[in-house]
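Below is one structure, written out as structure tokens, with a few remarks after it.
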2 protein chains.
Amino acid sequence: MKTLKIPEATIIRLSVYSRYLTEIDRKGIITISSGDIAEGVGVSPAQVRKDLAYFGEFGIRGVGYNVKDLHKNILRIMGLSNEWSVCLVGLGNLGLALSTYKGFKERGFSIINIFDNDPQKIGMRINDIEVLPIDKMEEVVAQNQIQIGAITVPASAAQEIVDKLVKGGVQAILNFAPVVLNVPPTVELRNVDLSVNLEVLTFNLGGKMA
Amino acid sequence: MKTLKIPEATIIRLSVYSRYLTEIDRKGIITISSGDIAEGVGVSPAQVRKDLAYFGEFGIRGVGYNVKDLHKNILRIMGLSNEWSVCLVGLGNLGLALSTYKGFKERGFSIINIFDNDPQKIGMRINDIEVLPIDKMEEVVAQNQIQIGAITVPASAAQEIVDKLVKGGVQAILNFAPVVLNVPPTVELRNVDLSVNLEVLTFNLGGKMA
DNA sequence: TAGATTGTTAATCGATTAACAATC
DNA sequence: TAGATTGTTAATCGATTAACAATC
């Protein structure tokens, strides 16, 4: 099988198309064209077709795409046709927000464990999940075969947490701490920085200021 | 003045360099090379120099960059040398997390108002900010000259909120609702989708699965 | 001066857009 | 058949990397 490299921008757009198709499917629409999708999500029709073409032929010339069929295919491509086991480390406000975020469950991400070091929080129950101490993390993560760790601890503690998650055997880490982390090449790392988004906004605003 | 287009990737990296320089400055380091910055944040030295070159000459050949000086310049470029007035709409868990997120204050973003429609939440105080009803939003935003609106309401309510914020006169909107929004061309819109990040992870993991 | 490192140009690489033949 | 829309190729555009002259 020829493996040509897929742009990350394509993956991000697939995720957006997928969410749009959920909406369209709910409306009972059966068939959709690349132009319709493009308009709905704000890209060009050629881009939609190109993105899909990386993975196969999903449409019918002269007709368009079957909504349900295309949606199913995109979910499969994104690895969302099965459940993923996630643990969350750090039950601050952001951790609490993520642990109760419905979007995750909807897309097949199950939060199985929550860890924190604060004695006040250990033992608490969030959506029926008991908050466990960080001490237990490596062991529990290994036992429960957690695949993804989401980190919402302070920047200063993040690397230590990463090392423990890696030892526990996670395959991927989603990091919300604003710090550069080191992981072995076998572990997938993705960083989300909430401030960066605001800063891109203000840069773009720059010219408009007095 | 020649205005050549700056890649968004450059802006995102500037934001990362800036945070790294805060750290380096705290350690009391006076001078840094493009190679050091590159290593610290995980890009190439050429990229660091290229990114900076869009905005001027900040270094000394044979020596490197003065840490404080470069940091100040980047903050200025990013529009972070003055405070920005932000309002937050939607006090769910994510809204609560954002309203108490220290990273914003540190980078010059002041949350001035919080709005929600839930009678249980209206009147509450978060960090001394009273939660106001959405009804009052347009008026209050205009009065307080709020520049940026952050939206953490459900997807179904987001467009309506956007319209009110625009009428109130905000210059930019940071949207956390997973939905495509319409704004006039004068208003800067940026979307943050928390699920997308997890989905890019699982796509990348795809090949490693059984 | 010799060594180091910037700023910048040219070369490479990658992603997007446009165009159109294939085909329903 | 005529009209529509895909899948794909070629052209364009943009961003990254490599190389090096400038210069501290």
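Values in this document were obtained by computation on a predicted structure and should not be read as measured data. Below, each value reflects all heavy atoms present in this structure, side chains not excepted, and no hydrogens, waters or symmetry copies. In what follows, every chain begins at residue 1, and chains take the letters A, B, ... in the order their sequences are listed.
- Residue Ser34(B) is classed as a sugar-phosphate contact, given heavy-atom separations below 4.0 Å to backbone atoms only.
- Picking from dA10(C), dG7(C), dC24(C) the nucleotide with the shortest atom distance to the side chain of Tyr65(B) gives dG7(C).
- Spacing between atom NZ of Lys50(A) and atom P of dC13(D) amounts to 16 Å, rounded to whole angstrom units.
- Ile37(A) places its CD1 atom 8 Å from the P atom of dT6(D), with the value rounded to the nearest Å.
- Between dT16(C) and Tyr54(A), no contact under 4.0 Å exists linking OP1 or OP2 to a side-chain N or O.
- Proximity of Arg61(A) to the phosphate of dA21(C): no side-chain N or O atom is located under 4.0 Å from OP1 or OP2.
- Separating the CD1 atom of Ile12(B) from the C1' atom of dT16(D) is a distance of 15 Å, rounded to the nearest angstrom.
- Under 3.5 Å, the side chain of Arg49(B) and the base of dG7(C) form at least one donor-acceptor pair of N or O atoms.
- Residue Lys5(B) places no side-chain N or O under 4.0 Å from the OP1 or OP2 atom of dC13(D).
- Pair check for dT12(D) finds dA15(C); Watson-Crick or G-U wobble, both atom distances under 3.5 Å.
- Rounded to a whole Å, the CG atom of Leu52(A) is 11 Å from the P atom of dT8(D).
- Applying the 6.0 Å contact sphere to CD of Glu83(A) captures more than 12 heavy atoms from other residues, nucleotides or ligands.
- Taking a 6.0 Å sphere around CD1 of Ile30(B), one finds it holds 12 or fewer heavy atoms contributed by other residues, nucleotides or ligands.
- In this structure, Ser99(A) and Ile129(A) have side chains that are not in contact, with every pair of non-hydrogen atoms separated by 4.5 Å or more.
- Base pairing annotation: dT23(C) forms a Watson-Crick or G-U wobble pair with dA4(D), both donor-acceptor distances under 3.5 Å.
- Put simply, CZ on Phe58(A) is 18 Å from C1' on dC24(C), counting in whole angstrom units.
- The side chain of Gln47(A) places no N or O atom within less than 4.0 Å of a non-bridging phosphate oxygen (OP1 or OP2) of dA15(C).
- With respect to Glu23(A) and Arg19(A), no salt bridge is recorded, no charged nitrogen being found less than 4.0 Å from a carboxylate O.
- The distance between atom CG of Leu14(B) and atom P of dA15(D), rounded to the nearest whole Å, is 14 Å.
- To the nearest angstrom, C1' of dT16(C) lies 16 Å from CD of Glu8(B).
- Remark: C1' of dT6(D) and CD1 of Ile32(A) are 14 Å apart, rounded to the nearest angstrom.
- Each of Asp51(A) and Glu57(B) was assigned the nucleotide of DNA chain C with the nearest heavy atom; the assignment lying further toward the 5' end belongs to Glu57(B).
- In this structure, CG in Leu201(B) is found 6.5 Å from CZ in Arg190(A), a value given to the nearest 0.5 Å.
- Closest to the side chain of Ser44(B), from the set dG7(C), dT17(D), dC24(C), is dT17(D).
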